[in-house]
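First the structure, in the form of structure tokens, and then the observations on it.
Labels below follow one simple rule: chain letters A, B, ... track the order of the sequence lines, proteins then strands, and each chain is numbered from 1.
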Number of protein chains: 2
Amino acid sequence: MTKNEAIGALIEEGQNWFLPSLSVDCVIFGFHDGELKVLLLKHRHLNMWGLPGGFVYKDEPADVAAQRVLQERTGLQEIFLQQFHTFGDMERYDKEFHNRDLKKDGITVQSDHWLLQRFVTIGYYALVEFSKVSPSEDTLTEKCLWWDIRKVPSLMLDHKKILDKALQTLRMQLNYQPIGYNLLPEKFTMPELLKLYETILDKKLDRRNFQRKILNYGILRRLKEIKKGVAHKAPYLYSFDLNRYQEALSVGLQGGW
Amino acid sequence: MTKNEAIGALIEEGQNWFLPSLSVDCVIFGFHDGELKVLLLKHRHLNMWGLPGGFVYKDEPADVAAQRVLQERTGLQEIFLQQFHTFGDMERYDKEFHNRDLKKDGITVQSDHWLLQRFVTIGYYALVEFSKVSPSEDTLTEKCLWWDIRKVPSLMLDHKKILDKALQTLRMQLNYQPIGYNLLPEKFTMPELLKLYETILDKKLDRRNFQRKILNYGILRRLKEIKKGVAHKAPYLYSFDLNRYQEALSVGLQGGW
DNA sequence: ATTATATTGTGTCATGTTGACGCAATGAAA
DNA sequence: TTTCATTGCGTCAACATGACACAATATAAT
């Protein structure tokens, strides 16, 4: 399917397939080289960067739509996606936004076409292991790349606002939920976990106090192995105790009341 | 406007006014007699209890729609509503749900009518001062009443699930956000605040430790006055220090990382 | 009027958590 | 063999938390 065929099908049939006025957008965080990354797409027809997003089929749960959209656009499967906010302001409505680019492609649609209407979007975010991702493009996507969170380009519509809100939510959750599974390799070292926290929070932490606190959560298992081939003293390897990790997810880490 | 006229107008014109497939629902918590209450409506045309909810005008921000819906249905104004979750599962779609009751009223609509379509709803919640609310009905609402949170009746569609999620969110927020403003009178006593926390959490707390902890947050001002006309030793009156309260809202109460 | 009782204000003490930092062990690099 | 960045483990003071004692106060009971 060529680009214009794909767009044509969407334009012709979209209103029959999808719920009108509603979309989903995914903020996918990854961690690499001590930097927090976010996965962005460059849309062929818009020629702009944006979050992986799409529409919800008329008989499809919204959560499933988010999963599917992500899989379609990035090849990522079975990611734990978490809904974090729904964006329903008027500022995210730019009637000429799609129209400009459709016209460039010589496509004309009526002014009341569903694609040109106002959309409310449900935001999802996920943390994934960088190494397991092989960003892939499709007919509608020109590029799919990891961007350093500090260097994201200008994004379409209000996607920067969505990204910021996701990051803010992630930092909040760090205070009462365990983080790291799905984001780090199966086996990892304490300095790596520390670096992850420091990167997300954009803040330096005392490594000794960090280790004490995180070990007290009881969600880590120290392995007998030791990381090899590294300079200086070799650190222990750890892995998450999934049972305790899951429990901590539901109960929370801090005591509270 | 009679009941049927009101419904008629909604059925005729709704699709021109509102965003399709999208609604908002409000969970309004109140506190009275040491019990946590929730505000429920009994819909005239459905003859069932449910959360105050409604639709979003095509040129209206979703947050504003929630405010408006609440004001229209309950008379409540300027409530701090907080979005907490968007419900987009298929289980909340019951095509015959509205149709059954429309038929009872002798109203027939086409099977592809917008009211019969699947809806995704954005959930909002608020905490309000019980005494300031005068629940009021309108043409579409037969009753508007406070219900004890433990005794809510059977609710329409998935409104029970929405209510539960709101309560769960509220309990979570208790751990890292100040609560009580808008929910208690201007001046209140420490035992009253304690009771509020105990009621929300459905759990007994040690009054002395509670007082120490909550005072350390620095969001309360002890007044010189003392509650009068009560049995036993008269307690001090407190009020929230709004500046510090607002700051705590944004920064959070617990240190975290 | 005196006493009993429920409730509130304040404080103590043991325990647990946090922030700041010291120091020896390790292993690649000089 | 020495150097040195890094890791593992530990110390200590400050602060927070859970459990509980006791005196002060205002109504209710006698």
Starting at CZ of Phe210(A) and ending at P of dC9(D), how long is that distance when rounded to a whole Å? 16 Å
Would you mind reading off the distance between Leu237(B) atom CG and dT8(C) atom P, rounded to a whole angstrom? 12 Å
I'd like to know if the side chain of Asp89(A) reaches the main chain of Glu91(A), judged simply by a donor and an acceptor atom lying under 3.5 Å from each other, with no hydrogens or angles considered. no
Just so I know, are the side chains of Arg150(B) and Glu35(B) near enough to count as touching, which here means a heavy-atom distance under 4.5 Å? no
Figure out the CG/P separation between Asp206(B) and dT10(C), and round it to whole Å. 16 Å
Aromatic rings Phe240(A) and Tyr245(A): how do their planes relate, parallel, tilted or perpendicular, breaks at 30° and 60°? perpendicular
Do any N or O atoms of the protein come closer than 3.5 Å to N or O atoms of nucleotides 13-18 of chain D, and which pairs are they?
from, atom 1, to, atom 2, distance (Å)
dG18(D), N7, Asn209(B), OD1, 3.4
dG18(D), N7, Arg212(B), NH2, 2.8
dG18(D), O6, Arg212(B), NH1, 3.0

Validate the cation-pi geometry between Lys213(A) and Trp257(B): distance from NZ or CZ to the six-membered ring centre under 6.0 Å, angle to the ring axis within 45°. yes
When Asp25(B), Asp63(B), Ile162(B), Ile79(B) are each screened for side chain to side chain contact (heavy atoms under 4.5 Å, CB included) with Tyr124(B), the one that passes is Asp63(B)
Under 4.0 Å from any atom of DNA chain D, heavy atoms only: list the residues of residues 184-191 of chain B that qualify, in numerical order. none
Starting at atom CG of Leu205(B), determine the distance to atom C1' of dA19(D), rounded to an integer number of angstrom. 14 Å
Interatomic distance, Glu192(B) CD vs dT7(C) C1' [rounded to whole Å]: 14 Å
Decide yes or no for Leu51(B) and Leu41(B): does some side-chain heavy atom of the first lie under 4.5 Å from some side-chain heavy atom of the second? no
Selection from dT7(C), dA5(D), dG8(D) that lies nearest to any side-chain heavy atom of His232(A): dA5(D)
Between Thr121(B) and Arg92(B), the two heavy atoms sitting closest are CG2-NH2, 3.3 Å
5'-most by nearest nucleotide on DNA chain D - Ala234(B) or Arg208(B): Arg208(B)
For a quick check under 3.5 Å, do Gln246(B) and Tyr181(B) share a side-chain donor-acceptor pair by atom type? no
Rounding to an integer number of Å, can you tell me how far Leu194(A) CG sits from dT6(D) P? 12 Å
Nearest to the side chain of Tyr236(A), heavy atoms from C-beta on, is which of dG8(D), dG27(C), dT8(C)? dG8(D)
Please report the distance, rounded to the nearest Å, between CD in Gln211(A) and P in dG19(C). 16 Å
Please determine whether a side-chain nitrogen of the Lys or Arg among Arg68(B) and Glu60(B) lies less than 4.0 Å from a carboxylate oxygen of the Asp or Glu. yes
Kindly point out which of dT10(C), dT5(C), dG8(D) is positioned nearest to the side chain of Pro235(A)? dG8(D)
To the nearest angstrom, how far is Lys233(B) atom NZ from dT25(D) atom P? 6 Å
